[in-house]
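First the proteins, then the strands, lettered A, B, ... as listed; each starts at 1.
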Amino acid sequence: MIKAIKGTKDTLPTDIPSWRKIEDDVRRIMENFGYYEIRTPVFEETALFSRGIGEATDIVSKEMYSFTDRSGTSITLKPEMTAAVVRAFIEHNLGKIQNLNKVYYISPMFRQERPQAGRLRQFHQFGAEALGCNDPSLDAEMIILAWDIIRGFGLKDLTVKINSLGIPSSRENYRNILREYLSPHLNNLSEDSRNRFDTNVLRIFDSKVESDQEIMKGAPLLLDHLDEESLDHFNKVKEYLDTAEIPYEVDPKLVRGLDYYTNTTFEILSNSVGSQSALCGGGRYDLLIEQLGGKTTPGIGFAAGIERILLACENENSLDISLPQKDIYITRIEKELQKEAYALCVRFRRAGLNAEYDYSGRSVKAQMREANKLNAKYVLMLGGDEYANGKILLKNMRNSEQEEFDINSIDEIINKLRGV
RNA sequence: GUGGGAGUAGCUCAGUUGGUUAGAGCAUCUGGUUGUGGCCCAGAAGGCCGAGGGUUCAAAUCCCUUCUCUCACCCCA
């Protein structure tokens with residue numbers, strides 16, 4: 001038997017209402033905040049991601065779905081959206097059309113990781129990017145936007161964490177300070193953390209090994225070594241967040257794995273999913289655009305994992321999804337009336353109503369059970385003496401009341417159903 | 001890539017000192033008199049017990065191999 005590829009999932013009809021709810025709310029709120037949808041191809045030239053995200057990152061060095069096409073070009077299924085949006089921004093000169101471009105997306109992403117709770121190989125993100133402005137109010141807006149959307153799904157157990165990574169020079173300076181602090185402890189660090197000492201010291205803060213955490217407790221913090229401008233920016237972001245009553249925590253240990261971040265970074269975490277608790281992550285990237293060949297332009301964005309949000313919603317039972325309904329189910333008593341029932345069904349559908357009938361010619365009881373199962377508001381019944389006298393019965397399935405209609409006045413029924 | 005757990009009906013799971021035609025609940029289908037749903041009742045259908053090999057008179061049950069799913073590390077959304 002052929003099965004779906006590891007780490008991919010089918011979204012079955014019964015799953016769709018939750019997905020629609022997420023997607024609809026995302027679109028509505030994004031657009032209220034002034035963001036316009038953008039769509040980019042599922043694959044890009046590999047170089048876009050290796051240059052954008054960073055050659056040394058895990059995403060680029062071991063998680064990308066890359067292949068060579070027939071022309072010999074190395075192509076990669078997009079593992080994240082920011083680089084793709086920036087590419088489109090540069091390619092179409094969007095910065096020339098307006099100073100500030102605010103876009104959002106809902107799209108599948110691909111990373112070849114070992115699947116687990118809240119982690120798939122094809123997963124879906126929604127997110128936003130704002131290119132062209134570095135005002136701290138925009139940093140705050142990103143966080144407010146993400147918070148409002150995610151909070152809107154009824155989730156309770158959420159935490160917002162923010163931090164600032166400063167500008168590269170102050171970060172580099174801090175890295176050396178951190179290395180100095182860690183040098184004497186090097187032999188006591190876990191193997192993973194020892195490796196990170198050279199490649200990405202900051203990430204040692206993320207270590208889940210207790211002894212590492214013990215050592216890191218005494219470590220100097222990046223926030224205490226920020227340059228004045230970055231610190232000022234960060235303080236203003238916090239002020240704007242306060243005006244919007246966002247319950248954030250400053251987490252000086254919040255380090256994000258993508259190379260392009262500068263200044264503000266943030267995450268929204270949930271306690272009701274597994275260990276992959278980050279529902280959303282983002283930050284400012286003021287150097288990425290020129291790094292990818294565009295004119296120097298500040299940018300900020302976030303991405304949120306739809307599967308993770310759905311997982312949290314399931315665990316908190318927070319999404320109220322109403323059952324799908326049928327406007328009308330058409331039944332017939334005598335099998336000879338099958339064609340008439342069919343014609344009526346088509347007529348109702350063409351009138352814009354959600355109509356169904358029994359394709360397999362089953363008993364009245366079976367038809368009624370089906371109508372009930374489909375959550376039909378009304379059942380129309382053809383047959384018997386009524387039909388012989390030019391009448392049909394309309395049964396209200398909520399209160400079981402039945403009403404007789406003239407067979408020539410289907411429009412009356414249609415109007416009645418539309419009014420419901 | 002490294003560990004732990006699990007694979008029996010569509011779903012959730014019972015089922016070992018190895019022993020007759022492998023079970024339950026839910027879901028499905030059909031009925032419970034002549035034309036009517038939800039509750040209830042009855043019946044039916046549905047399984048090479050993940051796959052391959054081995055031990056045995058006998059394997060869902062024991063051993064080996066393999067595949068898949070799952071959780072965690074790692075990393076991130």
Side-chain angles (χ1 to χ4, degrees), chain A residues 1-9 12 14 53 57-63 79-82 106-127 146 150 190-193 195-196 200 203 206-209 254-258 266-270 273-283 301-312 326 329 331-335 337 358 360 362-388 392-402:
Chain A
M1 187 177 66
I2 297 177
K3 299 207 280 194
I5 300 290
K6 188 204 245 327
T8 68
K9 279 235 175 346
L12 299 174
T14 45
I53 302 170
T57 60
D58 278 34
I59 294 180
V60 170
S61 63
K62 46 190 184 201
E63 296 171 2
E80 63 112 39
M81 194 66 177
T82 303
I106 303 175
S107 173
M109 306 292 164
F110 306 85
R111 292 181 200 172
Q112 189 164 177
E113 298 181 86
R114 192 80 164 254
Q116 71 182 75
R119 191 167 76 184
L120 293 167
R121 291 184 170 183
Q122 176 177 343
F123 59 103
H124 297 77
Q125 292 184 331
F126 65 82
I150 293 173
S190 67
E191 198 189 326
D192 278 334
S193 291
N195 289 334
R196 284 185 282 221
N200 198 344
R203 290 215 67 95
D206 279 349
S207 175
K208 289 179 186 170
V209 181
L254 174 64
V255 177
R256 315 227 66 250
L258 285 67
F266 64 94
E267 277 184 2
I268 299 177
L269 301 131
S270 167
V273 293
S275 68
Q276 304 301 310
S277 57
L279 301 186
C280 161
F302 78 86
I306 296 181
E307 284 86 351
R308 281 184 194 178
I309 289 172
L310 283 170
L311 203 60
K326 290 267 166 227
Y329 190 93
T331 67
R332 43 100 273 253
I333 294 164
E334 296 84 6
K335 284 196 179 162
L337 294 174
D358 178 43
S360 46
R362 293 180 297 173
S363 68
V364 174
K365 186 192 193 102
Q367 294 178 77
M368 289 303 292
R369 278 184 175 156
E370 181 81 359
N372 190 61
K373 202 175 71 188
L374 293 176
N375 202 13
K377 294 184 221 165
Y378 286 91
V379 165
L380 190 66
M381 307 181 80
L382 314 194
D385 294 340
E386 294 93 340
Y387 195 77
I392 46 180
L393 275 180
L394 183 69
K395 174 165 184 165
N396 182 325
M397 293 294 275
R398 302 281 181 271
N399 58 19
S400 299
E401 280 171 16
Q402 302 193 156

Tabulated below should be each protein N or O lying under 3.5 Å from an N or O of nucleotides 7-12 of chain B; please produce it.
none

message = Strictly distance-based, threshold 3.5 Å: is any side-chain N or O of A:R308 a donor or acceptor partner for the main-chain N or O of A:G118?
response = yes
request  = Would you indicate what A:S363 reaches in the nucleic acid, counting non-hydrogen atoms under 4.0 angstrom: base, sugar-phosphate, or nothing?
outcome  = sugar-phosphate
query = Roughly how far apart, to the nearest Å, are B:G18 and B:A58 at atom C1'?
reply = 8 Å
request  = Would you indicate which nucleotide in B:C71, B:C73, B:U30 comes nearest to any side-chain atom of A:A117?
outcome  = B:C71
key: d(CZ, A:R362; C1', B:U30) in whole Å   = 10 Å
ask   = According to the interplanar angle, ranging from 0 to 90°, do the rings of A:F266 and A:F302 count as parallel (below 30°), tilted (30 to 60°) or perpendicular (above 60°)?
value = tilted
query = Is there a donor-acceptor contact under 3.5 Å from the side chain of A:E307 to the main chain of A:R119?
reply = no
query = Using the C1' atom in both, what is the distance from B:A72 to B:U66, to the nearest Å?
reply = 23 Å
request  = Calculate the interatomic distance between A:D206 atom CG and B:C73 atom P; express it in whole Å.
outcome  = 12 Å
query = How would you label the contact of A:R332 with the nucleic acid (heavy atoms, under 4.0 Å): base, sugar-phosphate, or nothing?
reply = nothing
inquiry  = Counting only side-chain nitrogens and oxygens, does A:Q116 get under 4.0 Å of the OP1 or OP2 atom of B:C73?
reply    = yes
query = To the nearest angstrom, how far is A:D192 atom CG from B:C73 atom P?
reply = 12 Å
request  = Would you give a per-nucleotide map of nucleotides 1-6 of chain B, 5' to 3', where B means the base has a protein non-hydrogen atom under 4.0 Å away, S means only the sugar-phosphate does, and - means neither?
outcome  = BBB---
request  = Looking at every strand, decide which applies to A:G127 at a 4.0 Å heavy-atom threshold: base, sugar-phosphate, or nothing.
outcome  = nothing
request  = Summarise how protein sits on nucleotides 34-41 of chain B as a single string, 5' to 3': B when a protein heavy atom is under 4.0 Å from the base, S for sugar-phosphate-only contact, - for no contact.
outcome  = -BBBB---
request  = Could you check whether A:L120 gets within reach of a base, just the sugar-phosphate, or nothing at all, counting any heavy atom under 4.0 Å?
outcome  = base
